[in-house]
Student: 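Got a structure for you, questions after.
Computation of the quantities below employed the complete heavy-atom set of this structure, encompassing side-chain atoms and omitting hydrogens, waters and symmetry-equivalent molecules. Order of listing sets the numbers, starting from 1, for every ligand and every atom in it.
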Amino acid sequence: MSDVSRRAFMHVAGVAAVAVGATSTTNAAVANSPRSAAGKVKVVSSANGLEATKKAYEMILAGSDPALSVVTGVGIVEDDPNDTSVGYGGLPNERGIVELDAAVMHGPTHRAGAVASLQNIRHPAQVALKVMLRTDHVLLVGAGALDFAKAHGFPEENLLTELSRKIWLRWKETLSDKDDWIPDPDEKEIPVAEFFRSRSIPIGESSVSGDLKIAADKSPMKFRRPTGTIHCAAMTGSGDFACTTTTSGLAFKIPGRVGDSPIIGAGLYCDNEIGTCGSTGRGEANLQNLCSFAAVELMRNGASPEDAGMEVLRRVAKTTEPRLRDKDGRPDFGLSFYLLSKDGRHAGVTMWGPEKFSITDENGTRHEDCKALYTRPPK
Ligand code: GLY
């Protein structure tokens, strides 16, 4: 290791001391940190991250490092079997195997860690934090990421729940009427039916999704394949930032597909002098525009969080290829950003509203409206 690397490691020693263990956490090293100026602490997240913001906020007020706080916060959603876009219960790849992506970035040290295509580990954000703290690397993938997680004591487990398996099976059985997979004509399980119903698109609209044929009714339908995800970002009372993004990625993806979530500058980015940005939604659109880095740079040049977020959405809309546009030429996919700036402002922005984001600050834990580039009429 070079002297520079060694010094960088020493610099994060305070964070390392509070690294998330495979099964436990400790805040001893930062218990007396001067960070907690109540009233300025702010945590934002995607709509599914209400509890994550609350947890991270409480930890920061108690003196915890912001990276550990946001990673612990999103751990609540990684644990939730009913969130089919993150961690345990996340929808699998086309072979029925759950592959997770996650990253974390720490403002005070400008260090980052990430994992991609990680199988069998429920808390990829915690593994990403370990990559940041216990390696000289930023991104580990696939089998190497799994070996690394096991070396640090993370237990392996099957992440496919009965619900996510049944949703995947229904998708597989209705892909084609020319293969040998036959859907259950009596399938009436409400969560499975609701999953497809809530994402159905009227015939004739374009979509980036797959075709779906419902078993009992052979008429073809279109449905939107979800790219859920949770992003969570925090600013401490002394103006330090950290953020994390964790996801099971695009449902039924080609094995090995990696989205934006573990890519620093795309799925998340923070600069301790400026602010943070992170995303949920169609990862490919974000990867092609490196939106989180771009948004932080726009804030560096004076844009508010909302203006920076809207500008990167407009850039995505402008560069979207024709096959991904609706009949009115607008991007036919979801993409949202969550932003914090050094002066304490925040924003959630989205390609398609209405959409909410989560926030906890001195005014409590709540959902707020994202500013939308386009708005869908209510169904
Ligand atoms: N934004 C999550 C993904 O595309 O994988």
Student: My understanding is that only residues two or more places apart in sequence, or in another chain, count here; which of them pass salt bridge (charged side-chain N to carboxylate O under 4.0 Å, His left out) with Asp179?
Tutor: none

Student: Should you measure from each heavy atom of Asp260, which atoms of ligand 1 turn up under 4.0 Å away?
Tutor: 1 (N), 2 (C), 3 (C), 4 (O)

Student: Taking the side chain from Arg134 and the backbone from Met132, do they hold a donor-acceptor pair closer than 3.5 Å?
Tutor: no

Student: Using 4.0 Å as the upper bound for N to carboxylate O, is an ion pair formed by Arg345 and Asp307?
Tutor: no

Student: Checking Lys42 against Ile359 for the side-chain contact (heavy atoms from CB on, under 4.5 Å) test, could you report, in this order, the C-alpha distance in whole Å, the side-chain angles of both residues, the deciding distance, and whether it holds?
Tutor: CA-CA 7 Å; Lys42 187 173 282 198; Ile359 179 165; 4.2 Å; yes

Student: If the threshold is 4.0 Å, N to carboxylate O, is there a salt bridge linking Arg170 and Glu173?
Tutor: no

Student: Can you list the ligand 1 atoms lying under 4.0 Å from a non-hydrogen atom of Gly259?
Tutor: 5 (O)

Student: Does ligand 1 have a heavy atom under 4.0 Å from the side chain of His231, from its backbone, from both, or from neither?
Tutor: neither

Student: Looking only at distance, does Gly283 have an N or O less than 3.5 Å from an N or O of ligand 1?
Tutor: yes

Student: For ligand 1, which is the ligand I care about here, please tell me if Gly281 has any N or O atom under 3.5 Å from one of the ligand's N or O atoms.
Tutor: yes

Student: Looking only at distance, does Arg257 have an N or O less than 3.5 Å from an N or O of ligand 1?
Tutor: yes

Student: Taking only heavy atoms of Ser261, which atoms of ligand 1 are found under 4.0 Å from at least one of them?
Tutor: 1 (N), 2 (C)

Student: If the cut-off is 4.0 Å to any non-hydrogen atom of Thr229, which atoms of ligand 1 fall inside it?
Tutor: 1 (N), 2 (C)

Student: Identify, with sequence neighbours excluded, every residue that meets salt bridge (charged side-chain N to carboxylate O under 4.0 Å, His left out) alongside Lys253.
Tutor: none

